[in-house]
Amino acid sequence: MKPIIEVNNLSKRYSIGRRQSYGSLREEVSDAFSRPFRRIFSSSAGKAEAKEDTVWAIKDVSFNVAEGEIVGIIGRNGAGKSTLLKILSRITEPTEGRVVMRGRVASLLEVGTGFHPELTGRENIFLNGALLGMTGAEIKARFDGIVEFSEIDKFLDTPVKRYSSGMYVRLAFAVAAHLEPEILIVDEVLAVGDAAFQRKCLGKMSEAARGGRTVLFVSHNMGAVQRLCERAIVMHNGNVLKDSFVESAVASYLNISHENIGGRDDLYGIKRDSNEFSNIKFSKCHVLDSEGKVNVSLKYGEPFTVLLEAVSTTTHEDISLVVAADSITGVRVFTTVSEDFGVLYRAVPGEPLRAEVHFDKLVLTPGCYVLSIAIRSGKVGLDTLMNIIGFEVTAQAFGNITPHSGTFGLVSVDSEWRPPKSIVF
C-alpha cells in the first residue's frame, strides 16, 4: 500500500534581493504590486545589480507517512519546520524535490490562515468546506459539531476580524478537524488556546487518527508530542536529523536544544540575571551514570550523580547548593538543597568549589528532563542557571528493576500492596 504522504529530496531556497521564479498566488500578487517600485528604486541606484544572498530553508528532506499515522515534527526555531509545512500545504512551492499527497489536506499553520477577515464565522465555515471540495450538504451535516467544539456560538455571525486570537484558533481547528480531511496538518498555533482547549484538540487529533486520517503535528511542547505521537521527525538546520520512535526523537531534540548534553564546562561565561551577584558563579556541571561517566542516557532505576563546580572572586561562608529537575513540559519533579541535609560550603578566591549530589536510585520514569542549579546564601540567590543540562531516562532498566511507562506519571514510588490489618470502611 502506497504511503499517503511521500516527500522526496525536498528543498526550498530563498534569495534575498532577487525575485523568485515561482511562488504562491499571494506571493505573485504582492510581487506584481511592488515590481514598479523596485524598478524605480533600482534605476535611482544606477541600475546596479542587487546582491543575491541565498538561504536554504530546507535541503534534501525525504520521508514517507502511512495512512492513519500521527507524526510529530520537532526542532528548534529556524530548523525548517514551518517551511516544510507550507510546502506540504501548497502555500509555497519547493525549489527542488517532489511531494505526493494522496488525499484532501486541511492545514492550521498560523492564526488567520484560510479565513477571510470580513466574513463571519458561519460564512468562513462554509468557505473552508468549499475549498476542501465538500458539498453544502456535507458541510451542513458537520456544522453543529464545529460550532459546539469551537465554543463560539455567540459570535458565529460576527466577522472574524473581531475575534481574539484564541477564538480564531478555536474555530480554525474545529473547521479543520470536523470537515474530515484525509490529512490534517497542525502547527504550534495550538499554543494560543487555553489548557482545556489544547486537551480537546489533542483528543480530536487522536480520534482522527483512529478513524484512519493522518496527522502531522508540529510543537515545542514535547509532552504533547509524546502523548500524541508514536513517531517523530527531528528537523535541524533544514535537514532531517532523525526519524524514529518518539522517545528517541525527543531525546535527539533535547540533545540539540541543550549543547553538550549531560555535561557543561562553559557555565562561567553564560549571562546571568543582573539582580544576582557576579562574584561567585558556576563553571561546570556534569551528570554521571553509575560508572561515574558523563552520560546522555541514564537507565531507569540507576544510581546517578550530579557534579558541580563554582568559581568565586571573594570569600563566601556557609553557602548552599541547589539541584532541581524539570520535565520537558516544565513540571518540577524534584529539588534537593544541600542545607536541608546539613551540608554547607565555603568558597574562596583561586580555589574552585567542587561538590556532588548522589542519588541511589533514578525514580524518574522514562522520558527527557532538564536540570537547573543554584547557589544560595540563606535566602539570597548568588547564582542561578535554569535548564542548563538535559538528560534522558531510558526504558532500559538497571538490574532487575521493572521499568514503568511515563504515562503512569513522572516519578515511580516504592509501595507495598497488602490486605488491610483492620476494617476501616
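Index from 1, following the sequence. These numbers were taken from a predicted model, which means no experiment stands behind them.
Atoms OG and NZ, on Ser219 and Lys81 in that order, are 9.5 Å from each other to the nearest 0.5 Å. We find the CG-CZ distance between Leu308 and Phe282 to be 5.0 Å, quoted to the nearest 0.5 Å. Atom CG in Asp340 sits 7.0 Å away from atom OG in Ser320 (nearest 0.5 Å).
Legend: residues meeting side chain to side chain donor-acceptor pair (under 3.5 Å) with Glu138, ordered by chain and number and at least two apart, are Thr135. Checked against ring-ring contact (aromatic ring centres under 6.0 Å, His included), Phe304 has the following partners two or more places apart in sequence or in another chain: Phe359. With sequence neighbours excluded, the residues that form a side chain to side chain donor-acceptor pair (under 3.5 Å) with Arg231 are Glu69, Asp243.
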Output, in order, the C-alpha distance, side-chain angles, deciding distance and verdict of side-chain contact (heavy atoms from CB on, under 4.5 Å) for Leu307 and Val294. CA-CA 10 Å; Leu307 180 65; Val294 176; over 6 Å; no

Worked check of side chain to side chain donor-acceptor pair (under 3.5 Å) between Thr305 and Glu356: CA-CA 7 Å; Thr305 301; Glu356 64 179 47; 5.0 Å; no

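Remark: Asp383 does not engage Lys281 in a salt bridge, criterion side-chain N to carboxylate O under 4.0 Å.
Side-chain contact between Phe391 and Leu364 is present, with at least one heavy-atom pair separated by less than 4.5 Å. Between Leu184 and Arg213 the shortest side-chain heavy-atom distance does not fall below 4.5 Å.
Heavy atoms from other residues, nucleotides or ligands lying under 6.0 Å from CZ of Phe245 number 12 at most. Heavy-atom contacts from other residues, nucleotides or ligands closer than 6.0 Å to NZ of Lys284 number 12 or fewer. Counting non-hydrogen atoms of neighbouring residues, nucleotides and ligands closer than 6.0 angstrom, the CZ atom of Phe126 exceeds 12 such neighbours. Other residues, nucleotides and ligands contribute at most 12 non-hydrogen atoms within 6.0 Å of the NZ atom of Lys299. Environment of CZ in Arg98: sparse, with no more than 12 heavy atoms of neighbouring residues, nucleotides or ligands closer than 6.0 Å.
Between the Ser62 side chain and the Asn9 main chain, a donor and an acceptor come within less than 3.5 Å of each other. A donor-acceptor pair under 3.5 Å links the side-chain atoms of Asn124 to the main chain of Leu119, judged by distance alone.
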